Number of protein chains: 2
Amino acid sequence: MPNPTNQAPADPAPRSMRSASVRTANLSQVLSALHFHGPLTRSDLCAYTGLTRSSVAVQVSELTDAGLVFEQAPQSDGRPGRPSPLVTFSTDIAALAIEVEVDSIAAAVFRLGGESLAERRLARTRSQVRVEDAIADIGTLARDVLADAGSPTIIGTGVGVVGLVEEAENTVTMAPNLGWDNVPLGQLLANEIKDCGEIRVGNEANLSARAESTRGAGRDANDMIYLSGEVGVGGGVISNGRPLTGRSGFAGEIGHLTVNPDGRNCGCGSIGCWETEIGIRALLERAGLNPDDGADAADTLWDHADRGEEQARDALATTGRWLGIGVSTLINIFNPDVIVLGGMYRTGYAHLIDAVRAELETRVLPPLRGAAIVPSILGDSAILIGAAEMAFEHALADPIGTMSSIRT
Amino acid sequence: MPNPTNQAPADPAPRSMRSASVRTANLSQVLSALHFHGPLTRSDLCAYTGLTRSSVAVQVSELTDAGLVFEQAPQSDGRPGRPSPLVTFSTDIAALAIEVEVDSIAAAVFRLGGESLAERRLARTRSQVRVEDAIADIGTLARDVLADAGSPTIIGTGVGVVGLVEEAENTVTMAPNLGWDNVPLGQLLANEIKDCGEIRVGNEANLSARAESTRGAGRDANDMIYLSGEVGVGGGVISNGRPLTGRSGFAGEIGHLTVNPDGRNCGCGSIGCWETEIGIRALLERAGLNPDDGADAADTLWDHADRGEEQARDALATTGRWLGIGVSTLINIFNPDVIVLGGMYRTGYAHLIDAVRAELETRVLPPLRGAAIVPSILGDSAILIGAAEMAFEHALADPIGTMSSIRT
DNA sequence: GATAATTTGTGCGAACCGTGAACAAATAGT
DNA sequence: ACTATTTGTTCACGGTTCGCACAAATTATC
């Protein structure tokens, strides 16, 4: 059969660039500049993107036609010259973010630019969650929160889950805390919630890392490591501004680096995982408290330490030392700008940081020192923010394409 | 002062794309396809790049004009249809690769496509190397090897060094084995060797990782970890096809992850670094040999083990166990496709791998298993190959730009 | 050995994109 | 009111790929 179109294979490798790629890339530049820096004048956009006024005019008008942004009347800023109109996000374009935790499910709606429009959280008591129940709960939660937000056009959906997530498949491969195994969460949700754009699923710690990197404590860092823990310890790595995924998207399981080969048994089947030394169970046990009391007990432990109780202080020093040992390893491996501590390491930051720093002084290679160790500034909302950022990613990379695919 | 050119800031952000960017990107596609897949017909290039015949014709003619490639007469391949001319690398375009080891200095010339044209190695006896001497030695070695190769046009130079290298500055920040401290090797070499294009300096293990990823055991892997060791233990990480650098290019110091917090003192000042358990000193000591004997002693140890000597076997089992502990950590963190073992872990691969695998079975999170552990296939030439690949990187990204900057 | 089928190179117009200059508009300062 | 300054608008221009029509070169078939 002769090829009717004569040439243009188009099937195997879409790596090449054409004129349209230039337009897409520049639209992405403009919309990303707005998303990450907030509303800007057209003049500012020229400076941020390096495009000429003529070109920015075209990009903005195209984004306006797509309904993504609009221009506000120019405001005089006191300097001479014709004032430039302010380009702002449309009010009815947003992303849906969903968080599946052990003890709660949450959903939120974020506008372009990162502003939260609505948030709802549903507490759960049981730890084992039936998949069908979870899907149904997420569905009603999503519908409610979308109504709260004024039913905006949803550009994409991001889901954060406690467990290993195969990102390319949007599948939860293993989530022991939920009792889930190979759950195709993306597909299941696509049937439950409609008109919510492309659905992407990610690990909660990786999403928190993404959030802190974009809008949190790692905003100015190119290379960042996020570490969070309560019962389990998870993390995420941002390398050169982009999340580290690994082969299947499982990268960042830093709770299971071996720090003490002859130490305690870990739930994962290994021995001496970092998690067994810096997790909340080890901390509470060292402090003479009930290891099963969970996250709330940590707050009482901070109080005890504040009051100067010796066992509490010792427990924190020991835990801080182990924290420092692992952090040293991470710094030597990744050479990051910043390490962001979330979860109980954020609330207990003041009680732990000295022991951590002491350990770093001997264990980090001298030229690699200088990495900042800071607490998370987004706290518990990091997961939802990161899920939203993941959902925005496609729209930012190809604004017109995703908009036209939304309005089928 | 009014702006004479009216607009076009051009100074701060060169992120935007124009028509010329498209051409550059597509030229890069074509040349890279040739570099990594070997000579291809124009028709093949259409398939690899997704460009049309018209476009490929333009790209090839431009690369030909720049002197990078030429077309060979078409050869009939037995199938019907007009035969397509074969696009091949010019014979006189090459990269210079230099390797600065503790006990030797080497230089080599590689043609586009990766073929080695010439190689020379200069042994050294003393371990402390004066910088001036090293520069002079490298200079003569480079001149000699370039003459051997027929004085090709050098498109770029890559230097691999045993030590921490600040890649952006082309500076050796710390190289204890050479006794170097903050040596601006790139600048110094630029004065010594002329007409060798842009000079880039990198860490030897990172370059080996790059080499194995491009042309070695990690060729088909997107995510790869390279591990090499003799006295010191180094490594490099390829994430999503690209080398992990970290903030200053120091990333990948996996010899200094803490595996045994109360273990032996490490030369870096820390305690229980992986290097202290899997380095050659620990191995020889366990086998009852002289820890200071160096790399040659390892070969005799393999012999002892082959002959069934118990202490040798025990030493290898113990070392293999520690090797497995660290590799498990790396897999849990990075979720790689492949782990490539170089240095003495390549020569001793058969004696170590069983103990490593045994450890992985309990320590790696189940969904992360399946990472292949394989020996390096480039062996000792990995560093030079990686250095050449680093040198090629610029030319592949912007062929015409670098060629015109070469012919000043 | 001639013809058909197939594959590929070549040439050219069309479409798309950003540039940059000229001009107009809008503001502050004098 | 006038000038300086900054910015939006318009438009011709150069650069790039695409896709078609045609020619060229090879194999398969009769």
Side-chain angles (χ1 to χ4, degrees), chain A residues 1-10 13-30 40-62 64 71-87 400, chain B residues 1-10 13-30 40-62 64 71-87 400:
Chain A
M1 184 173 59
N3 182 356
T5 57
N6 186 15
Q7 52 193 70
R15 311 188 192 292
S16 72
M17 303 203 74
R18 56 190 99 269
S19 306
S21 323
V22 175
R23 171 57 60 90
T24 303
N26 287 337
L27 281 170
S28 170
Q29 285 294 322
V30 171
L40 296 168
T41 66
R42 262 159 77 164
S43 170
D44 290 335
L45 284 171
C46 291
Y48 272 103
T49 62
L51 294 164
T52 58
R53 296 203 298 273
S54 332
S55 190
V56 167
V58 176
Q59 319 286 339
V60 170
S61 96
E62 194 145 344
T64 304
E71 288 183 294
Q72 284 182 341
Q75 283 194 333
S76 150
D77 59 350
R79 293 178 316 176
R82 176 175 174 172
S84 197
L86 196 66
V87 184
I400 305 300
Chain B
M1 183 175 57
N3 183 355
T5 58
N6 186 17
Q7 52 192 68
R15 310 187 192 292
S16 72
M17 303 205 71
R18 58 191 92 267
S19 306
S21 324
V22 175
R23 170 57 61 90
T24 303
N26 286 338
L27 281 171
S28 169
Q29 283 295 322
V30 171
L40 295 169
T41 66
R42 259 156 83 163
S43 169
D44 289 335
L45 285 172
C46 291
Y48 272 103
T49 62
L51 295 165
T52 58
R53 296 203 299 271
S54 329
S55 190
V56 167
V58 176
Q59 321 287 338
V60 169
S61 96
E62 194 145 346
T64 304
E71 288 183 293
Q72 283 181 340
Q75 282 194 332
S76 149
D77 61 348
R79 292 178 318 175
R82 176 175 175 173
S84 198
L86 196 66
V87 184
I400 305 302

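Predicted, not measured: the structure shown is a model, and the values here were computed from it. Letters A, B, ... are given to chains in the order of the sequence lines, protein chains preceding strands, and every chain is numbered from 1.
A donor and an acceptor atom never sit less than 3.5 Å apart when one is taken from the side chain of B/S54 and the other from the base of C/dG9.
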Got a list of protein N/O to nucleotides 26-30 of chain C N/O distances below 3.5 Å?
unit_1	atom_1	unit_2	atom_2	d
C/dA26	N3	A/R82	N	3.3
C/dT27	O3'	A/S76	OG	3.4
C/dT27	O2	A/G81	N	3.0
C/dA28	OP1	A/S76	OG	2.7
C/dA28	O3'	A/G78	O	3.4

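Between the CG atom of B/L40 and the P atom of C/dT8 there is a distance of 13 Å, given to the nearest Å. Atom CD in B/Q29 sits about 12 Å away from atom P in D/dT17, given to the nearest Å. What separates CZ of A/R53 from C1' of C/dG18 is a distance of 14 Å, to the nearest Å. Atom P of nucleotide D/dT16 and atom CZ of A/R23 are separated by 18 Å, given to the nearest angstrom. The CE-C1' distance, from B/M17 to C/dT19, rounds to 15 Å in whole Å. Rounded to a whole Å, the CG atom of B/L45 is 13 Å from the C1' atom of C/dT8. Atom pair A/R42:CZ and C/dA25:P shows a separation of 16 Å (rounding to whole Å applied). Atom CG in B/D44 sits roughly 14 Å away from atom P in C/dT7 (whole-Å rounding).
In terms of the side-chain hydrogen bond (donor to acceptor under 3.5 Å, both in side chains) criterion, residue partners of A/T41 (sequence neighbours excluded) are, by chain and number, A/D44. The side chain to side chain contact (heavy atoms under 4.5 Å, CB included) test applied to B/E71 returns B/R42, B/V60, B/P85, B/V87, not counting sequence neighbours.
Nearest nucleotide to the side chain of A/T52, out of C/dG18, D/dT7, C/dT19: C/dT19. Among C/dG18, C/dT10, D/dT17, the nucleotide with an atom closest to any side-chain atom of A/V22 is C/dG18. The side chain of B/R18 approaches C/dG18 more closely than any other nucleotide in the set C/dA21, C/dG18, D/dT17.
Within the structure, every pair that satisfies the side-chain hydrogen bond (donor to acceptor under 3.5 Å, both in side chains) test and touches residues 21-30 of chain A, not counting sequence neighbours, is listed here: A/R23-A/E62.
Position along DNA chain D of the nearest nucleotide to A/S19 versus A/A57 favours A/A57 as the more 5'-ward residue.
Look at A/S55 and you won't find any side-chain N or O under 4.0 angstrom from OP1 or OP2 of C/dC17. Between B/N26 and D/dT17 there is a side-chain polar atom (N or O) within less than 4.0 angstrom of OP1 or OP2.
A donor-acceptor pair is defined here as one N or O able to donate and one able to accept, closer than 3.5 Å; such a pair exists between the side chain of A/S84 and the backbone of A/S43.
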